[in-house]
Protein chains: 2
Amino acid sequence: MPTTTRVLIIDDHPLFRRGVSQLLGLADGFEIVGEAASGQEGIELAKRLDPDLILLDLNMKGMNGLETLRTMRDLEIDARIILVTVSDAPEDLIAAIRSGADGYILKDNDPDDILKLIDSAMHGKTAISPELTSLLATALREESLVEQRSQASLTERETAILKCLAGGMSNKLIARELDIMESTVKVHIRNLLKKLKFRSRVEAAVWAVANQIH
Amino acid sequence: MPTTTRVLIIDDHPLFRRGVSQLLGLADGFEIVGEAASGQEGIELAKRLDPDLILLDLNMKGMNGLETLRTMRDLEIDARIILVTVSDAPEDLIAAIRSGADGYILKDNDPDDILKLIDSAMHGKTAISPELTSLLATALREESLVEQRSQASLTERETAILKCLAGGMSNKLIARELDIMESTVKVHIRNLLKKLKFRSRVEAAVWAVANQIH
DNA sequence: TGCGATCTACCCCTTAATAGGTAGTACCTT
DNA sequence: AAGGTACTACCTATTAAGGGGTAGATCGCA
């Protein structure tokens, strides 16, 4: 039983709304039940209309797309929500997915591709413009690295040496500070770089400083 | 005309107050005009008694010595104020001098030495326990370095490379990022280290991160 | 008692980084 | 036109750092 998908469009650009309307109008199974020019208005309409799908612009003046998305999820609006945007910034993508978006589509995608993505989102998948998947992968890898690093259990000595690194010290200075041979310092540094998956002492030092390992 | 120096003691330890009283009582030219067991009480007494010298304990419960000192300076109490403390922490010393202390004396100094320090403070000098002067020098040197570094005018390229350093990148990666030869990156790094007086890229990176050079 | 972890310290070797130099090009200012 | 600055790129050299290995001493735990 292929019922029609009831769609709400939230975007402060009238032209874009018209474009989407037309695109979905030409396709089968979509019905535009509402359009909103702002986040607030969009939330009101979403509550009243209970649409199946919400296409939400990320870059709106006033309440932006992310805030709108979070508010709607807080209100337990259970429509599929796809962010539509011109931003290919990794942080926007990550934030959107984190905030419960079911899709993240670039406006400059081919209309056919957009339709396919919307379709897959309606089938329970998270629809992301293909050119962004590598960004997502990179981000996730980095995040898992951060996780690993925060959890990684350094030994007492390794922690002490990481603190020295965060102070910008050389192996020679660290050796003097901890009163051990420089060769031993090297061993510890090698081990801690391996444990934390850093490629150099500089990466380790920068990370330690940024994460206040003092 | 050697008039007597009218002294106010602010310390929450009665025994210490008594000790100081005795010390100054044995010496010539001092008269204890008041004792206070807290910062608040001390400020009140200082306003009422207008002493020539205030001996102020740094580590008091409630309003601590530094706060008391600042409040008194705000109130334009013009007595010579000497902080007396057990703390040899550089930051305490620096903060005290910054806040307008005329002296900073360690409690475990020899009584004779304390008298001499008080005396020199009464003659317009800033009296600091000798074992702390090197701390002061180091701190000042570091501070001036920070000044220099903040002011040092890096070129556009050097700034770009410092940002890369703050990202933990190697010369090879920086070269790729900025699309220049690695040999050129080395030149810029050398110049940047010299300008900012760093001894290694790690020091530079750590500093850049800590000072939010992003 | 033996196993594993940690800390120590060395070996070898390769690569990265630092310190000094010269030098060409471009641009701006005097 | 001359000088200064920035950027580029190379040369030399030494030192620092990283990656691999072995190995002894100590400690706690199974």
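Both backbone and side-chain heavy atoms feed into the values below; hydrogens, waters and symmetry mates do not. All chains are named by letter (A, B, ...) in the order of the sequence lines, taking the proteins before the strands, and each is independently numbered beginning at 1.
Nearest-nucleotide positions on DNA chain D for A:K194 and A:S170 put A:S170 closer to the 5' end.
If you check the side chains of B:D52 and B:T5, you find no donor sitting under 3.5 Å from an acceptor. A:T85 and A:N59 share a side-chain donor-acceptor pair at under 3.5 Å. A side-chain donor-acceptor contact under 3.5 Å links A:S21 and A:E35.
At least one side-chain heavy atom of A:K61 sits under 4.5 Å from a side-chain heavy atom of A:D12.
Listed here is the closest heavy atom pair of A:L55 and A:V20: CD1-CG1, 3.5 Å.
A straight line from CG of A:L154 to C1' of C:dC7 spans 15 Å, rounded to a whole angstrom. Whole-Å rounding puts the A:I161 CD1 to C:dC7 P distance at 9 Å. Computed from coordinates, the B:I180 CD1 to D:dT8 P distance equals 5 Å when rounded to whole Å. B:R190 has its CZ atom 8 Å from the C1' atom of C:dT18, to the nearest Å. Between the C1' atom of D:dG18 and the CZ atom of A:F198 lies a distance of 16 Å, rounded to the nearest Å. Taking atom CG of residue A:N191 and atom C1' of nucleotide C:dA9, one finds them 13 Å apart after rounding to whole Å. Separating the CD1 atom of A:I189 from the P atom of C:dT8 is a distance of 13 Å, rounded to the nearest angstrom. Rounded to whole angstrom, the span from the NE2 atom of A:H188 across to the P atom of D:dG19 amounts to 16 Å.
When the side-chain nitrogen and oxygen atoms of B:T155 are compared with OP1 and OP2 of D:dA6, none of them lie within a distance under 4.0 Å. Put simply, A:N171 has a side-chain N or O that comes within less than 4.0 Å of OP1 or OP2 on D:dA17. Phosphate proximity of D:dC10 to B:S183: present, with a side-chain N or O under 4.0 Å from OP1 or OP2. At the phosphate of C:dC7, neither OP1 nor OP2 sits under 4.0 Å from any side-chain N or O atom of A:T184.
Which of D:dA17, D:dA9, C:dC7 sits closest to the side chain of B:V187 comes down to D:dA9. Comparing atom distances between the A:M181 side chain and each of D:dA17, C:dA9, C:dA19 picks out C:dA9 as nearest. The A:L193 side chain lies nearest to D:dG19 when the options are C:dA17, C:dT8, D:dG19.
Here B:K186 lies in heavy-atom contact (under 4.0 Å) with a base. B:R157 comes within 4.0 angstrom of the backbone, heavy atoms only, and of no base. If you check every strand for non-hydrogen atoms under 4.0 Å, B:E158 touches nothing.
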